[in-house]
Peer 1: 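Got a structure here, written out as structure tokens. Questions coming.
All values derive from a computational prediction rather than experimental measurement. Read the numbers this way: they start at 1 and go in the same order the structure lists the ligands and their atoms.
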Amino acid sequence: MQRRQFIRRLGLGTVASAALALPSWAGERRPLRWKMVTAWPRNFPGLGTGANRLAEMITAMSGGRIRVKVYGAGELVPAFEVFDAVARGIAQMGHAGAYYWKGKGEVFQFFSAVPFGFTAEEINAWLYYGGGMELWRELYARFGLIPTAAGNTGVQMAGWFRREILALEDLKGLKMRIPGLGGEVLRRAGGTPVNIPGGELFTALQSGAIDAAEWVGPYIDLAFGLHKAAKYYYYPGWQEPGSTIECFINRQAFESLSSDLQHIVLSACRAANLEMLSELTARNQQALETLVREHHVVVKPLPEEVLKKLKALAEEVVAEIAAKDPFARRVYDSFSRFRTQIAAWSAISIQAFLHARSL
Ligand code: CA
């Protein structure tokens with residue numbers, strides 16, 4: 001997207017023009033040059049472009065006092081090394097998903113997505129007003145990092161299947177690309193979860209090396225051509241009902257900023273959080289129409305019996321994380337308490353309204 005177009009869409013005209021035409025003091029003080037390493041290929045639809053926009057926003061909002069350069073996966077460091085790279089100060093910022101760091105601790109996954117966990121609206125409520133952000137900061141402080149939410153995928157799809165899922169038995173022996181906690185749930189349901197990088201997904205599914213694959217949602221999945229590899233597109237994305245995309249900042253770099261710049265960086269992340277969810281929501285519905293009308297994809301709900309079983313297994317898998325260490329217990333308790341409360345409110349607000357609208 002063109003820079004001006006992007007800026008217009010954000011309504012940042014005044015601030016942005018300051019960044020485009022460098023202010024008079026620009027010669028007096030050199031701008032800070034920050035690097036943002038990401039877990040996505042450069043310009044990856046939705047996620048990579050989301051990182052680009054966040055970088056542009058920080059540069060524009062700071063009037064060019066911070067210039068952020070984005071690096072795609074593998075350009076400065078590989079995708080799964082961005083966390084350590086920012087912790088070590090190789091880059092000042094990282095853009096990824098917290099579940100990528102589950103090797104450092106299963107508890108990381110609570111800050112991206114939990115099967116049958118939170119929607120985008122609910123995880124934002126937990127993070128900003130329910131104690132989630134404090135816990136997230138406490139965890140990342142151990143690594144010299146400050147985490148923030150900088151995007152959300154919204155409800156994902158359950159995935160692409162080469163054959164129909166009519167009952168629980170159909171999951172037995174199913175070889176599916178589904179990472180993280182969702183994958184563990186599938187394993188307990190009798191399936192074989194595998195994790196395959198995005199770039200290899202299409203070939204694996206088309207060749208029959210795997211029987212099914214979950215990726216994100218209509219917009220991104222269409223861009224990857226997954227509809228050419230499998231016919232059935234199942235919903236809802238029980239495994240990732242509203243995945244938070246994170247931006248983490250090197251603490252030392254952050255603390256060296258003046259207070260106004262610190263606010264600009266964090267506010268840009270908040271804006272990016274809304275921006276990505278809005279973009280994906282808008283583009284998902286357009287892409288869904290294309291998938292159905294032009295590509296004749298069969299869109300189906302997973303049977304309730306299957307969802308009920310997956311939910312029961314997910315509760316088991318998630319509760320086991322709490323037993324790992326005292327910190328994981330605190331995060332699990334906060335997550336569980338908030339989910340119980342928000343479920344009561346969501347049932348009579350969003351859920352009841354969506355039902356009413358569909359009558
Ligand atoms: Ca996914």
Peer 1: Over 60° means perpendicular and under 30° means parallel, so classify the ring planes of W215 and F44, tilted if in between.
Peer 2: perpendicular
Peer 1: Would you check if there is a donor-acceptor pair between the side chains of N124 and Y129 at a distance under 3.5 Å?
Peer 2: no
Peer 1: Determine whether the aromatic ring centres of F118 and W126 lie less than 6.0 Å apart.
Peer 2: yes
Peer 1: Aromatic contact between F224 and F202, with the criterion being ring centroids under 6.0 Å apart: yes or no?
Peer 2: no
Peer 1: Kindly assign one of parallel, tilted or perpendicular to the pair F143 and Y140, based on the angle between their ring planes and the thresholds 30° and 60°.
Peer 2: perpendicular
Peer 1: Tell me the protein N, O or S atoms under 3.0 Å from the Ca ion (ligand 1), in chain and number order.
Peer 2: Q156 OE1, E214 OE1, E214 OE2, W215 O, E240 OE2
Peer 1: Can you say whether the rings of F83 and F108 are parallel (under 30°), tilted (30 to 60°) or perpendicular (over 60°)?
Peer 2: perpendicular
